[in-house]
Amino acid sequence: MSSSSTSIMDNLFQRSLEDLIKGFRLQLLGESNFISRALEEIRREIKVTDLSTKSTALHKLSYLAALHGVDMSWAAFHAVEVVSSPRFQHKRIGYQAITQSFHEQTSVLLLITNQVRKDLNSANEYEVSLALECLSRIGTHDLARDLTPEVFTLLGSSKAFVKKKAIGVVLRVFEKYPDAVKVCFKRLVENLESSDPQILSAVVGVFCELATRDPGSCLPLAPELYKVLVDSRNNWVLIKVLKIFAKLASVEPRLGKKVAEPICEHMRRTVAKSLVFECIRTVVSSLSDHEAAVKLAVAKIREFLVEDDPNLKYLGLNALSIVAPKHLWAVLENKEAVVKALSDEDPNVKLEALHLLMAMVNEDNVLDISRILMNYALKSDPLFCNEIIFSVLSACSRNAYEIIVDFDWYVSLLGEMARIPHCQRGEEIEHQLIDIGMRVRDARPQLVRVSWALLIDPALLGNLFLHPILSAAAWVSGEYVEFCKNPYETVEALLQPRTGLLPPSIRAVYIHSAFKVLVFCLRSYFSAEESTLSFSAQEFSSASSSMNAFTYESILNLVNVIELGLVPLSGTHDVEVQERTKNVLGFIVMIKQDLSEKLNLQDSETEVFRVTAFMEDVFSEELGPVSATAQEKVCVPGGLELKENLGDLEEICGEFLKPVESDSVSYTDKISFSVSKLRIRGQQEASSSTSPPHEASSLLAEHRKRHGMYYLPSQKDDPESNGNDYPLANELANEISPDPFNPKKNPNKSKQRPVVVKLEEGDESRNPPQAKSNIETVNDDESLSRAIQSALLVKNKGKEKDTNPNSEQQKQEESSRIEDHQNSEKKKKKKKKKKNGESSSKHKSRGRNEVASASEQVIIPDYLL
Amino acid sequence: MIGCFGRRYDMLDNIHFVLLVSRQGKVRLTKWYSPYAQKERSKVIRELSGVILNRGPKLCNFVEWRGYKVVYKRYASLYFCMCIDQEDNELEVLEIIHHYVEILDRYFGSVCELDLIFNFHKAYYILDELLIAGELQESSKKTVARIISAQDQLVEVAKEEASSISNIIAQATK
């Protein structure tokens, strides 16, 4: 008695959902407080045995879960209780809670099978519909298996309301339990001939999804679907049928010829934009070989593009980007609309236009398009601006700068990008600056000019996003210093006080570049001296003779500037910066004595001459691009234990690993130490390069003798890595260069395309991982598509018996059916064989190609072709 | 055209979820046809309402999002959003949204946000009649209206029975 009276009190005074919602709007507690109070209440109420109290509590809970993200998984069992109520209103609340909160791992899922079955068999069609909806959302393998008979019965229901929902559920059932196909498929196909548009729409929807997964399995249904395509005037149905044919035509090209005409017919006839768009999309994505259809589609796209409706504009651009790879003319025809869309107020439209524009880029128009885009980038918001920069960067660098002929222009463009205020693509630009430096020898002078301009601008140092670019610029000015017009200014720029804003790693690059510049200046000063004394200037003849000659004063000045700039840094905490600084300062100490003592430095025996020549030799080593797979090519030499502990390394290289006491060691020692390290890094490239200094080569030879096993075998060498043998360019470069298309348009074009070093492989090593995911999908689909194929087989058998060969048409159909049938039987046998012979792992590796090729064998009935 | 982001291959659904968000960012209805965990749901709602509410009035009704497309349309103070795959037909979904709004309008008699706030569950039931497993199942407004009112009647009758005094007394003395 007491329990039932409390339940009455609860029932009478329980807050309904409406009360809760009203309370929520008036509450002063704060949202989370209010929710936790309400939850407390719900937890109490939901435990009551009275079903209407319980269901109201559950209702409130699902409200909170849906709109306020409250967890309701704890109430799973209560939802099951509510569903079992005989009352429709309770059931509805219960089912709603279940669809909302249950998932595959919900443990009480097992308990609802019987209840759902009972409701599926109910005489009340609305209860059936609740159960079907629930199944469509939470159906698991077990549920699908256990309830297949009920679904099958409902597929034949006389009530359209129930039937269409049953059709909607079939999809989920098939997916979870492919064997259900055997049972239900025939009934499903029969509905393709239904006169009720709702039922037809539902069935076509199911086949649309099935075709998306595996087009091959739906191919035998082409005749029925074709009929729908021609006869139906229901746009919902037509859109789905078009989607199916788009998929089918991709595996059976002959089908395209047949459906192109009716699709064009719909395109001309209909006023519904959604249908027109679906026709366009079908044509451009799957029927792109049918010229007339494509032409009509492009004409329709143009109509979209000139509309004021931003939706149609966006979709028009979208369709253009699908058609672009095969029919570039379609994009070129609409070029103005595309460029205009770049200044659209809608970022999506702008983005789509940008992608299209990038699809148009080729070597003839890359200059124009880039110029347009750079102008837009300057005016755009940061997001779109960087999108533009990224697009230009990736389009231009594609396939080792395939479309770039004029590298001087491109390098300047990279420099311009750095000056766009919103530019945040520093890393990509950095990479390309260095990459071009290494690959394109002819671009280096311009590269150095551009870098110089970037380095001397103190404003750029304040922008965090540009630091990578500056790092590349510093590296370039050091590495290719021989092209530098004014090394003195470069050094000043590299050591300007604002470099303190750079992160240490980049600062180290700056310092090292200054070092390179210094060495280069000294060396060219000496060689100039030499040549005036009629010694032969060997390596610098071409580069340095044109350079401004260094005077003794200017060299001294340079040394002083560097020293002045670096002394404050020798005490920094960053090891890399400190190390680099100490290297340079040590070097300066070494040479300064000689410099200040003797005015005549032509004596090649002086310390300064020797050291400079030595360093110059280190730095003049050419760095080439290295293939990403280069490491793999080097085979492990016999006797080299890669997995062994390297404890004995100390024994071998003890002298290198000894901690250096900084004060006691003279600078000379330190320099030669770091130089020898550098030498080792240079490895055998040095041995093949021209006459390394005696000391270095002997050091190297000695080192090699002692630790030969750590060296790469010299005959294994890539041709690329051999110092002076500059690698061959891709042959394309020579073929392309004098532009045959419109040589007058651009004077720059008359330039020969410089040699671009291209490695055979490794450049494109980063393949998109899409292929893999495709394979996985196919695996998932396989059981389903196999089930459908065998179901079609059964269905065809049935039809054979039924057919009454009266009319010519039917006869034809029958023969084609038989053909079909034989084919699928063959296929089935094939599959079976495979199944028996194959291990499971092999099964997995089967890709879409194979599936596609298998389904190609399905023969489309002749009258369709 | 398939998005490079983790596409959910385990689903066959046309529409992945339906969201109704008010202009102030309050969620008015959520319906998930694809499996999303509760945490994920909140994240999705936050992310999307951030994107959609900030879009101006004259822009297109589609947003690319995580490799999907979200089609949205604003009616008065409410945004109706549906998430679909890249290759699905955006205009068709816009029509579905419009269809839904028209049915709501017919049901509530010029619907407003408050109707949906207080009759949150009814908006659900109507949606359930419109879509099943993320597919449009009923394109006739009349039919949906008829089915919904039939079910309402079923509930009303039951409610009257349950709340009559005699019923309560009968229950109490059981």
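From a predicted model like this one, the values you see are computed outputs, not experimental measurements. Letters A, B, ... mirror the listed sequences (proteins, then strands); counts begin at 1.
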Is [X] close to chain B through its backbone or its side chain, or both, or neither, when contacts mean heavy atoms under 4.5 Å?
X      : answer
A:A66  : both
A:Y314 : side chain
A:Q96  : side chain

**Prompt:** Do B:R23 side-chain atoms and B:S77 backbone N/O form a donor-acceptor pair below 3.5 Å?
**Reply:** no

**Message:** I'd like to know if the side chain of B:K69 reaches the main chain of B:Q86, judged simply by a donor and an acceptor atom lying under 3.5 Å from each other, with no hydrogens or angles considered.
**Reply:** yes

What part of [X] gets closer than 4.5 Å to chain A, counting heavy atoms only: side chain, backbone, both or neither?
X      : answer
B:I96  : both
B:F118 : both
B:K39  : neither
B:L19  : neither
B:E92  : both

How close do [X] and [Y] get, heavy atom to heavy atom, and via which atoms?
X      : Y      : value
B:V71  : B:I97  : O-CD1, 3.8 Å
A:D196 : A:A160 : OD2-CB, 3.5 Å
A:S85  : A:L51  : CB-CD1, 3.5 Å
A:S101 : A:M72  : CB-CG, 3.5 Å

Top contributor to chain A interface from [options] [non-hydrogen pairs under 4.5 Å]:
options                     : value
B:E64, B:K31, B:E129        : B:E129
B:A150, B:S42, B:C60, B:G56 : B:C60
B:L59, B:L131, B:L29        : B:L59

**Fill in**
Scored by heavy-atom pairs under 4.5 Å with chain B, the best of A:E18, A:K313, A:E278, A:H68 is A:E278

**Message:** Just so I understand: if I count every heavy-atom pair under 4.5 Å between each of A:R25, A:H103, A:Q100 and chain B, which residue has the most?
**Reply:** A:R25

**Prompt:** With under 30° as parallel and over 60° as perpendicular, where do the rings of B:F120 and B:Y124 fit, or are they tilted in between?
**Reply:** perpendicular

**Message:** Parallel, tilted or perpendicular, judged at 30° and 60°: which one describes the rings of A:Y126 and A:F88?
**Reply:** perpendicular

Ion pair [X]/[Y], N-O distance below 4.0 Å:
X      : Y      : result
A:E307 : A:K273 : yes
A:K165 : A:E125 : no
B:R41  : A:D71  : no
B:D115 : B:K122 : no

**Asked** What residues of residues 98-113 of chain B sit under 4.5 Å from chain A when only non-hydrogen atoms are counted?
**Response** none

